[in-house]
Amino acid sequence: MRDHAVYPEILSQDLLEWYDRHARQMPWRVGPEARAAGVRPDPYRIWLSEVMLQQTTVAAVKDYFERFTRRWPTVSDLAAAADADVMAEWAGLGYYARARNLLKCARVVADDLSGVFPDTYEGLIALPGIGPYTAAAISAIAFDRPETVLDGNVERVMARLHDEHAPLPGVKPVLKDHAAHLTPALRPGDYAQAVMDLGATICTPKSPACGICPWRTPCRARLNGTAAELPKKTPKKPKPTRHGFVYIARNHEGDWLMERRPDKGLLGGMLGWPGSDWNEAPTEAPPFEANWQDLGAEVRHTFTHFHLILQVRMAELPAGFNLSDGQEIIKRHDFRPSDLPTVMRKAFDLLHR
DNA sequence: GACTCGTGGTG
DNA sequence: TCACCAAGAGT
(Lines give C-alpha, C1' and ligand atoms only; values in the text may rest on other atoms or scores of the structure.)
Protein backbone atom coordinates (compact mmCIF):
# COMPACT_ATOMS: atom_id res chain seq x y z
CA MET A 1 0.00 0.00 0.00
CA ARG A 2 1.16 3.52 -0.76
CA ASP A 3 2.15 5.73 2.12
CA HIS A 4 -0.25 8.66 1.99
CA ALA A 5 1.31 10.54 4.88
CA VAL A 6 4.64 10.74 3.07
CA TYR A 7 3.15 11.38 -0.38
CA PRO A 8 0.30 13.89 -0.09
CA GLU A 9 0.33 14.24 -3.88
CA ILE A 10 -0.99 10.70 -4.05
CA LEU A 11 -4.05 11.76 -2.02
CA SER A 12 -4.59 14.74 -4.30
CA GLN A 13 -4.41 12.55 -7.39
CA ASP A 14 -6.82 10.00 -5.90
CA LEU A 15 -9.29 12.80 -5.19
CA LEU A 16 -8.94 14.34 -8.65
CA GLU A 17 -9.63 10.95 -10.21
CA TRP A 18 -12.74 10.66 -8.05
CA TYR A 19 -13.75 14.20 -9.06
CA ASP A 20 -13.39 13.40 -12.76
CA ARG A 21 -15.93 10.63 -12.31
CA HIS A 22 -18.31 12.31 -9.85
CA ALA A 23 -18.20 16.08 -10.38
CA ARG A 24 -21.66 17.58 -10.06
CA GLN A 25 -23.04 19.87 -12.74
CA MET A 26 -23.58 23.44 -11.61
CA PRO A 27 -24.58 26.51 -13.64
CA TRP A 28 -21.27 28.28 -12.96
CA ARG A 29 -19.05 25.29 -13.70
CA VAL A 30 -17.41 24.59 -17.05
CA GLY A 31 -18.08 20.97 -18.01
CA PRO A 32 -15.26 18.62 -19.03
CA GLU A 33 -16.09 18.78 -22.76
CA ALA A 34 -16.15 22.58 -22.84
CA ARG A 35 -12.97 22.63 -20.78
CA ALA A 36 -11.33 20.30 -23.30
CA ALA A 37 -12.36 22.74 -26.04
CA GLY A 38 -10.45 25.50 -24.27
CA VAL A 39 -13.31 27.21 -22.43
CA ARG A 40 -12.22 28.90 -19.20
CA PRO A 41 -14.46 29.73 -16.25
CA ASP A 42 -15.86 33.27 -16.28
CA PRO A 43 -14.40 35.12 -13.25
CA TYR A 44 -17.61 37.15 -12.95
CA ARG A 45 -19.73 34.02 -12.66
CA ILE A 46 -17.28 32.32 -10.29
CA TRP A 47 -17.21 35.42 -8.07
CA LEU A 48 -21.01 35.74 -8.09
CA SER A 49 -21.52 32.06 -7.30
CA GLU A 50 -18.94 32.06 -4.50
CA VAL A 51 -20.50 35.08 -2.80
CA MET A 52 -23.95 33.50 -3.05
CA LEU A 53 -22.59 30.22 -1.70
CA GLN A 54 -21.25 31.82 1.48
CA GLN A 55 -23.10 29.95 4.26
CA THR A 56 -25.71 28.97 1.69
CA THR A 57 -26.50 25.63 0.03
CA VAL A 58 -26.04 24.94 -3.67
CA ALA A 59 -29.74 24.13 -3.99
CA ALA A 60 -30.75 27.52 -2.58
CA VAL A 61 -28.30 29.41 -4.81
CA LYS A 62 -29.09 27.92 -8.23
CA ASP A 63 -32.23 29.93 -9.09
CA TYR A 64 -30.77 33.17 -7.75
CA PHE A 65 -27.63 32.66 -9.82
CA GLU A 66 -29.67 32.10 -12.98
CA ARG A 67 -31.79 35.21 -12.38
CA PHE A 68 -28.78 37.42 -11.61
CA THR A 69 -26.74 36.32 -14.64
CA ARG A 70 -29.74 36.58 -16.96
CA ARG A 71 -30.49 40.12 -15.76
CA TRP A 72 -26.85 41.23 -15.39
CA PRO A 73 -24.63 39.14 -17.71
CA THR A 74 -21.39 41.01 -16.92
CA VAL A 75 -19.86 42.76 -13.95
CA SER A 76 -20.33 46.10 -15.73
CA ASP A 77 -24.04 45.41 -16.13
CA LEU A 78 -24.29 44.68 -12.42
CA ALA A 79 -22.25 47.77 -11.53
CA ALA A 80 -24.75 49.92 -13.44
CA ALA A 81 -27.79 48.44 -11.66
CA ALA A 82 -29.89 50.40 -9.18
CA ASP A 83 -29.27 49.46 -5.55
CA ALA A 84 -32.94 48.72 -4.92
CA ASP A 85 -33.09 46.33 -7.89
CA VAL A 86 -30.13 44.31 -6.63
CA MET A 87 -31.48 44.14 -3.07
CA ALA A 88 -34.89 43.05 -4.40
CA GLU A 89 -33.29 40.34 -6.53
CA TRP A 90 -31.32 39.11 -3.51
CA ALA A 91 -34.42 39.07 -1.27
CA GLY A 92 -34.92 35.69 0.40
CA LEU A 93 -31.30 34.58 0.08
CA GLY A 94 -30.27 36.08 3.43
CA TYR A 95 -27.13 37.76 4.77
CA TYR A 96 -27.98 40.98 2.95
CA ALA A 97 -24.58 42.56 3.60
CA ARG A 98 -23.44 40.21 0.85
CA ALA A 99 -25.68 42.00 -1.66
CA ARG A 100 -24.52 45.44 -0.59
CA ASN A 101 -20.86 44.38 -0.81
CA LEU A 102 -21.55 42.61 -4.10
CA LEU A 103 -22.62 45.90 -5.63
CA LYS A 104 -19.69 47.79 -4.05
CA CYS A 105 -17.29 45.21 -5.45
CA ALA A 106 -18.86 45.26 -8.92
CA ARG A 107 -18.48 49.04 -9.05
CA VAL A 108 -14.83 48.91 -8.01
CA VAL A 109 -14.10 46.30 -10.68
CA ALA A 110 -16.07 48.15 -13.36
CA ASP A 111 -14.94 51.69 -12.52
CA ASP A 112 -11.37 51.24 -11.23
CA LEU A 113 -10.24 47.95 -12.79
CA SER A 114 -11.64 48.27 -16.33
CA GLY A 115 -14.14 45.53 -15.64
CA VAL A 116 -11.43 42.92 -15.09
CA PHE A 117 -11.26 40.89 -11.87
CA PRO A 118 -7.87 40.61 -10.13
CA ASP A 119 -6.33 37.16 -10.70
CA THR A 120 -4.41 36.93 -7.41
CA TYR A 121 -5.41 36.22 -3.82
CA GLU A 122 -4.01 39.58 -2.70
CA GLY A 123 -5.86 41.51 -5.37
CA LEU A 124 -9.12 39.71 -4.66
CA ILE A 125 -9.14 39.88 -0.87
CA ALA A 126 -8.81 43.67 -1.06
CA LEU A 127 -12.31 43.84 -2.59
CA PRO A 128 -15.54 44.27 -0.56
CA GLY A 129 -17.24 40.99 0.41
CA ILE A 130 -14.24 38.86 -0.55
CA GLY A 131 -12.58 37.27 2.49
CA PRO A 132 -9.93 34.54 2.88
CA TYR A 133 -12.13 31.72 1.59
CA THR A 134 -13.61 33.54 -1.40
CA ALA A 135 -10.27 35.04 -2.47
CA ALA A 136 -8.71 31.57 -2.47
CA ALA A 137 -11.72 30.03 -4.23
CA ILE A 138 -11.81 32.59 -7.07
CA SER A 139 -8.06 32.53 -7.68
CA ALA A 140 -8.08 28.71 -7.68
CA ILE A 141 -11.26 28.04 -9.65
CA ALA A 142 -11.25 30.96 -12.10
CA PHE A 143 -7.48 31.31 -12.57
CA ASP A 144 -6.19 27.87 -11.60
CA ARG A 145 -3.79 29.25 -9.02
CA PRO A 146 -2.57 26.88 -6.27
CA GLU A 147 -4.45 28.57 -3.40
CA THR A 148 -5.92 26.56 -0.55
CA VAL A 149 -9.65 26.91 0.13
CA LEU A 150 -10.80 26.40 3.70
CA ASP A 151 -14.56 26.30 4.08
CA GLY A 152 -16.78 24.22 6.35
CA ASN A 153 -16.41 21.20 4.08
CA VAL A 154 -12.62 21.31 4.01
CA GLU A 155 -12.49 21.86 7.77
CA ARG A 156 -14.58 18.73 8.30
CA VAL A 157 -12.61 16.63 5.79
CA MET A 158 -9.25 17.67 7.26
CA ALA A 159 -10.39 17.18 10.86
CA ARG A 160 -11.39 13.62 9.97
CA LEU A 161 -8.48 12.79 7.70
CA HIS A 162 -6.07 13.72 10.51
CA ASP A 163 -8.39 12.83 13.41
CA GLU A 164 -8.10 16.30 14.95
CA HIS A 165 -10.21 16.51 18.13
CA ALA A 166 -9.42 20.08 19.17
CA PRO A 167 -12.52 22.27 18.68
CA LEU A 168 -13.24 24.89 16.01
CA PRO A 169 -12.62 27.70 15.55
CA GLY A 170 -9.37 27.38 17.52
CA VAL A 171 -8.06 24.46 15.48
CA LYS A 172 -8.68 26.23 12.19
CA PRO A 173 -5.01 27.16 11.51
CA VAL A 174 -4.02 23.52 11.98
CA LEU A 175 -6.69 22.38 9.52
CA LYS A 176 -5.60 25.06 7.08
CA ASP A 177 -2.05 23.74 7.30
CA HIS A 178 -3.21 20.19 6.59
CA ALA A 179 -5.21 21.44 3.62
CA ALA A 180 -2.30 23.49 2.26
CA HIS A 181 -0.01 20.46 2.21
CA LEU A 182 -2.50 18.60 0.01
CA THR A 183 -3.06 21.36 -2.55
CA PRO A 184 -1.49 20.18 -5.81
CA ALA A 185 0.41 22.31 -8.31
CA LEU A 186 -1.53 20.64 -11.11
CA ARG A 187 -5.27 21.42 -11.46
CA PRO A 188 -5.57 23.27 -8.12
CA GLY A 189 -8.93 24.69 -9.19
CA ASP A 190 -10.45 21.27 -9.82
CA TYR A 191 -8.85 20.02 -6.62
CA ALA A 192 -10.44 22.84 -4.57
CA GLN A 193 -13.86 21.97 -5.93
CA ALA A 194 -13.15 18.28 -5.42
CA VAL A 195 -12.47 18.61 -1.67
CA MET A 196 -15.61 20.65 -1.23
CA ASP A 197 -17.67 18.18 -3.27
CA LEU A 198 -16.23 15.39 -1.15
CA GLY A 199 -17.38 17.14 2.01
CA ALA A 200 -20.78 17.92 0.55
CA THR A 201 -21.57 14.44 -0.77
CA ILE A 202 -19.40 11.80 1.02
CA CYS A 203 -17.76 13.29 4.10
CA THR A 204 -21.06 14.74 5.34
CA PRO A 205 -21.65 16.09 8.86
CA LYS A 206 -23.88 13.19 9.89
CA SER A 207 -23.42 9.54 8.89
CA PRO A 208 -20.57 10.04 6.41
CA ALA A 209 -20.35 7.50 3.58
CA CYS A 210 -16.87 6.32 4.51
CA GLY A 211 -17.29 3.04 2.63
CA ILE A 212 -17.24 4.76 -0.76
CA CYS A 213 -14.81 7.57 0.10
CA PRO A 214 -11.73 7.91 -2.13
CA TRP A 215 -9.77 8.71 1.04
CA ARG A 216 -11.15 5.84 3.14
CA THR A 217 -7.70 4.18 3.35
CA PRO A 218 -5.64 7.12 4.66
CA CYS A 219 -8.43 8.58 6.85
CA ARG A 220 -7.36 8.45 10.50
CA ALA A 221 -10.80 9.17 11.92
CA ARG A 222 -12.28 6.27 9.98
CA LEU A 223 -9.51 4.06 11.36
CA ASN A 224 -10.34 5.23 14.89
CA GLY A 225 -14.10 5.25 14.41
CA THR A 226 -14.39 8.95 15.27
CA ALA A 227 -15.40 10.39 11.88
CA ALA A 228 -19.04 11.10 12.76
CA GLU A 229 -18.12 13.13 15.86
CA LEU A 230 -15.67 15.42 14.05
CA PRO A 231 -15.06 18.27 13.79
CA LYS A 232 -15.61 19.28 17.42
CA LYS A 233 -17.00 22.76 17.92
CA THR A 234 -17.16 25.08 20.90
CA PRO A 235 -20.78 25.17 22.10
CA LYS A 236 -22.94 28.10 20.98
CA LYS A 237 -24.94 30.48 23.08
CA PRO A 238 -28.68 29.78 23.29
CA LYS A 239 -30.96 32.02 21.21
CA PRO A 240 -33.16 34.47 23.12
CA THR A 241 -36.68 35.26 21.92
CA ARG A 242 -37.50 38.83 20.95
CA HIS A 243 -40.88 40.42 20.26
CA GLY A 244 -42.07 43.28 18.10
CA PHE A 245 -44.84 44.91 16.04
CA VAL A 246 -45.11 45.65 12.33
CA TYR A 247 -47.74 47.88 10.72
CA ILE A 248 -49.14 47.31 7.24
CA ALA A 249 -51.02 50.24 5.71
CA ARG A 250 -52.50 50.87 2.24
CA ASN A 251 -54.15 53.97 0.80
CA HIS A 252 -57.34 54.13 -1.29
CA GLU A 253 -55.43 53.27 -4.46
CA GLY A 254 -53.97 50.14 -2.87
CA ASP A 255 -50.44 51.51 -2.55
CA TRP A 256 -48.34 50.35 0.42
CA LEU A 257 -46.53 52.25 3.17
CA MET A 258 -43.08 50.71 3.55
CA GLU A 259 -39.63 51.47 4.93
CA ARG A 260 -36.15 51.12 3.49
CA ARG A 261 -34.03 49.81 6.36
CA PRO A 262 -30.67 51.50 7.04
CA ASP A 263 -27.63 49.95 5.36
CA LYS A 264 -26.03 48.80 8.60
CA GLY A 265 -27.50 46.12 10.81
CA LEU A 266 -30.12 43.43 10.47
CA LEU A 267 -31.82 43.25 7.03
CA GLY A 268 -29.77 46.31 6.09
CA GLY A 269 -30.80 47.99 2.85
CA MET A 270 -33.96 45.89 2.52
CA LEU A 271 -37.55 47.00 2.17
CA GLY A 272 -39.86 46.18 5.07
CA TRP A 273 -42.90 47.23 7.06
CA PRO A 274 -42.74 50.08 9.54
CA GLY A 275 -42.53 48.73 13.07
CA SER A 276 -41.22 48.76 16.61
CA ASP A 277 -37.85 47.74 17.96
CA TRP A 278 -37.46 44.04 18.67
CA ASN A 279 -36.70 43.16 22.28
CA GLU A 280 -38.01 41.30 25.34
CA ALA A 281 -40.86 43.73 26.03
CA PRO A 282 -41.83 45.64 22.87
CA THR A 283 -43.80 48.83 22.87
CA GLU A 284 -46.23 49.69 20.08
CA ALA A 285 -44.81 52.17 17.56
CA PRO A 286 -47.42 52.81 14.84
CA PRO A 287 -46.34 55.08 11.95
CA PHE A 288 -49.58 57.09 12.41
CA GLU A 289 -52.57 57.20 14.75
CA ALA A 290 -55.38 54.92 13.61
CA ASN A 291 -57.65 52.14 14.71
CA TRP A 292 -55.04 49.46 14.04
CA GLN A 293 -56.55 46.06 13.44
CA ASP A 294 -54.93 42.99 14.97
CA LEU A 295 -54.61 40.19 12.43
CA GLY A 296 -55.08 37.59 15.14
CA ALA A 297 -51.99 35.66 14.18
CA GLU A 298 -48.29 36.20 14.66
CA VAL A 299 -45.14 35.78 12.61
CA ARG A 300 -42.53 33.42 14.00
CA HIS A 301 -39.09 33.63 12.50
CA THR A 302 -35.60 32.59 13.55
CA PHE A 303 -32.53 34.65 12.74
CA THR A 304 -28.91 33.66 13.28
CA HIS A 305 -28.83 34.62 16.94
CA PHE A 306 -32.43 35.12 18.14
CA HIS A 307 -36.01 33.96 17.68
CA LEU A 308 -38.57 36.61 16.73
CA ILE A 309 -42.31 36.79 17.33
CA LEU A 310 -44.04 39.63 15.47
CA GLN A 311 -47.57 40.98 15.97
CA VAL A 312 -48.96 42.31 12.69
CA ARG A 313 -51.31 45.31 12.67
CA MET A 314 -53.23 46.77 9.73
CA ALA A 315 -54.94 50.08 8.94
CA GLU A 316 -55.84 52.40 6.08
CA LEU A 317 -53.23 54.97 5.16
CA PRO A 318 -54.82 58.44 5.38
CA ALA A 319 -54.73 60.68 2.30
CA GLY A 320 -52.04 63.35 2.49
CA PHE A 321 -49.87 61.30 4.85
CA ASN A 322 -46.43 62.87 5.22
CA LEU A 323 -43.61 60.37 4.76
CA SER A 324 -40.93 60.47 7.41
CA ASP A 325 -37.31 59.42 7.03
CA GLY A 326 -36.83 56.08 5.29
CA GLN A 327 -40.51 55.66 4.46
CA GLU A 328 -41.70 55.06 0.90
CA ILE A 329 -44.99 54.61 -0.87
CA ILE A 330 -44.80 51.51 -3.05
CA LYS A 331 -47.30 51.71 -5.89
CA ARG A 332 -49.79 48.86 -6.04
CA HIS A 333 -48.41 47.57 -9.35
CA ASP A 334 -44.77 47.89 -8.23
CA PHE A 335 -45.28 45.84 -5.09
CA ARG A 336 -43.92 42.29 -5.19
CA PRO A 337 -43.77 40.19 -2.01
CA SER A 338 -40.73 38.42 -3.47
CA ASP A 339 -38.79 41.69 -3.11
CA LEU A 340 -39.06 41.42 0.68
CA PRO A 341 -36.81 39.62 3.13
CA THR A 342 -38.52 36.45 4.31
CA VAL A 343 -39.59 37.72 7.73
CA MET A 344 -41.38 40.69 6.10
CA ARG A 345 -42.95 38.47 3.47
CA LYS A 346 -44.28 36.25 6.26
CA ALA A 347 -46.04 39.28 7.75
CA PHE A 348 -47.56 40.07 4.34
CA ASP A 349 -48.69 36.46 3.98
CA LEU A 350 -50.86 36.86 7.09
CA LEU A 351 -53.09 39.31 5.17
CA HIS A 352 -54.71 36.65 3.00
CA ARG A 353 -54.94 33.49 5.00
C1' DG B 1 -11.43 36.08 19.72
C1' DA B 2 -16.20 37.26 20.05
C1' DC B 3 -20.34 39.12 17.87
C1' DT B 4 -23.40 40.09 14.20
C1' DC B 5 -25.61 38.76 10.19
C1' DG B 6 -30.77 34.93 7.07
C1' DT B 7 -32.76 31.25 5.40
C1' DG B 8 -34.31 26.58 4.26
C1' DG B 9 -33.33 21.73 4.73
C1' DT B 10 -32.60 17.89 7.81
C1' DG B 11 -32.34 14.33 11.41
C1' DT C 1 -40.14 20.62 17.43
C1' DC C 2 -35.73 22.14 17.41
C1' DA C 3 -30.82 22.36 17.14
C1' DC C 4 -27.66 21.89 13.74
C1' DC C 5 -25.88 22.91 9.39
C1' DA C 6 -24.43 25.34 4.66
C1' DA C 7 -18.59 26.89 -0.86
C1' DG C 8 -17.93 33.22 5.54
C1' DA C 9 -17.21 38.31 5.94
C1' DG C 10 -17.04 42.48 8.55
C1' DT C 11 -16.41 44.76 12.78
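Chain letters run A, B, ... following the sequence lines, proteins first and then strands; every chain starts at 1. Only a predicted model underlies this, so the values are computations on that prediction, with no experimental measurement involved.
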Undergrad: With sequence neighbours left out, write down each residue that passes ring-ring contact (aromatic ring centres under 6.0 Å, His included) with A:His22, or none if nothing qualifies.
TA: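 A:His22: ring-ring contact (aromatic ring centres under 6.0 Å, His included) contacts with A:Trp18.
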
Undergrad: Please, which pairs that meet salt bridge (charged side-chain N to carboxylate O under 4.0 Å, His left out) have at least one residue in residues 174-183 of chain A, sequence neighbours excluded?
TA: none

Undergrad: Base, backbone or nothing for each nucleotide of nucleotides 1-11 of chain C, written B, S, -, heavy atoms under 4.0 angstrom, 5' to 3'?
TA: ----SBBBSS-

Undergrad: Among residues at least two apart in sequence or on other chains, which ones pass side-chain hydrogen bond (donor to acceptor under 3.5 Å, both in side chains) with A:His252?
TA: A:Glu316

Undergrad: Applying ring-ring contact (aromatic ring centres under 6.0 Å, His included), can you list everything that pairs with A:His178, at least two apart in sequence or on another chain?
TA: A:His162

Undergrad: Quick one: name the residues clustered hydrophobically with A:Leu186, using the 4.5 Å side-chain heavy-atom rule over I, L, V, M, F, W, Y, and just say none if it's on its own.
TA: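 In the cluster with A:Leu186 there is nothing else; it is isolated.
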
Undergrad: Please work out which residues in residues 339-353 of chain A have a non-hydrogen atom less than 4.0 Å from an atom of DNA chain C and list them by number.
TA: none

Undergrad: Please write out which residues are connected to A:Leu317 in a hydrophobic cluster, directly or through intermediates, given that two of Ile, Leu, Val, Met, Phe, Trp, Tyr count as joined at side-chain heavy-atom separations below 4.5 angstrom.
TA: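 For the cluster that includes A:Leu317, the remaining residues are A:Phe245, A:Tyr247, A:Leu257, A:Phe288, A:Trp292, A:Phe321, A:Leu323, A:Ile329.
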
Undergrad: Does A:Tyr95 sit in a hydrophobic cluster with other residues, and if so which ones, taking ILVMFWY side chains as linked at heavy-atom separations under 4.5 Å, directly or through other members?
TA: none

Undergrad: Would you say A:Met87 and A:Leu271 make side-chain contact, with heavy atoms under 4.5 Å?
TA: no

Undergrad: So where does chain A start and stop touching DNA chain B, 5' to 3', when the test is distance under 4.0 Å to a non-hydrogen atom?
TA: B:dT4 to B:dG8

Undergrad: Tell me, please, which residues at least two apart from A:His352 pass ring-ring contact (aromatic ring centres under 6.0 Å, His included).
TA: A:Phe348

Undergrad: Salt bridge (charged side-chain N to carboxylate O under 4.0 Å, His left out): which pairs involve residues 52-73 of chain A, sequence neighbours left out?
TA: A:Arg67-A:Glu89, A:Arg71-A:Asp85, A:Arg71-A:Glu89

